[in-house]
Amino acid sequence: MFNPNSRYYRIATAIYTDTDGREIVYLRRRFLPQGATMPLLAEIEVTGADRLDLIATNAFGDPEQFWRICDANDAMNPFDLTAEIGRLLRVAVPTFEG
């Protein structure tokens with residue numbers, strides 16, 4: 001259903017049956033990890049030219065892995081991470097748990 005680089009790749013599906021008997025497949029909830037407990041790969045100081053996709057490309061070789069940086073920094077809004085120049089961003093060691 002999802003590409004292997006997606007944060008939802010390993011999330012289990014479930015089925016809801018409505019009152020008409022129709023089955024609706026949906027993804028179960030993805031619980032966010034605690035960023036401070038994730039093993040640290042690097043810390044990056046945000047500059048004016050930084051974007052999460054560029055940081056992810058440098059760190060993981062894939063711009064679509066930006067969500068890993070969000071997880072490592074407990075961020076719900078990715079744009080907040082690069083809004084403040086000089087902020088230190090945690091880049092966690094990639095895991096294969098979604």
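Computed from a predicted model, the values in this text were never measured in an experiment.
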What residue among Asp53, Asn58, Leu54 forms side-chain contact (heavy atoms from CB on, under 4.5 Å) with Pro63? Asp53
For the student: nearest non-hydrogen atoms of Ile15 and Glu23, plus distance: CG2-CB, 3.7 Å
By side-chain hydrogen bond (donor to acceptor under 3.5 Å, both in side chains), which residues pair with Arg87, not counting sequence neighbours? none
What is the distance from atom CD1 of Ile24 to atom OG1 of Thr13, rounded to the nearest 0.5 Å? 13.5 Å
Is there a donor-acceptor pair closer than 3.5 Å between any side-chain N or O of Asp74 and the backbone N or O of Gly35? yes
Contacts of Arg22 meeting side-chain hydrogen bond (donor to acceptor under 3.5 Å, both in side chains) (sequence neighbours excluded), chain-then-number -> Asp18
Ala56 and Ile69 have their tightest heavy-atom pair at N-CD1, 3.8 Å
Stepwise, does the side chain to side chain contact (heavy atoms under 4.5 Å, CB included) test hold for Ile11 with Phe2? CA-CA 9 Å; Ile11 303 298; Phe2 292 95; over 6 Å; no
Phe79 atom CZ, over 12 foreign heavy atoms within 6.0 Å: no
As a quick check of understanding, evaluate side chain to side chain contact (heavy atoms under 4.5 Å, CB included) for Leu32 and Arg30, giving each step before the final call. CA-CA 6 Å; Leu32 299 177; Arg30 176 181 182 262; 2.9 Å; yes
Nearest heavy atoms of Met38 and Ala72, plus distance in Å: SD-CA, 3.7 Å
Output all residues satisfying side-chain hydrogen bond (donor to acceptor under 3.5 Å, both in side chains) with Asn73, sequence neighbours left out; order by chain, then residue number. none
Quick one: OG1 on Thr82 to CG on Leu89, what's the gap to the nearest 0.5 Å? 7.5 Å
Supply the atom-to-atom distance Ile55 CD1 to Thr47 OG1, rounded to the nearest 0.5 angstrom. 7.5 Å
Rounded to the nearest 0.5 Å, the CG atom of Asp62 sits from the OG1 atom of Thr57 at a distance of 7.0 Å
At their closest point, which heavy atom of Ala59 faces which heavy atom of Val91, and how far apart are they? CB-CG1, 3.8 Å
Separation between CG (Leu81) and CZ (Phe66), nearest 0.5 Å, reads 10.5 Å
Is it true that, when you exclude Glu43 itself, more than 12 heavy atoms of the residues, nucleotides or ligands shown sit nearer than 6.0 Å to its CD? yes
d(Arg90 CZ, Arg68 CZ) to nearest 0.5 Å is 14.5 Å
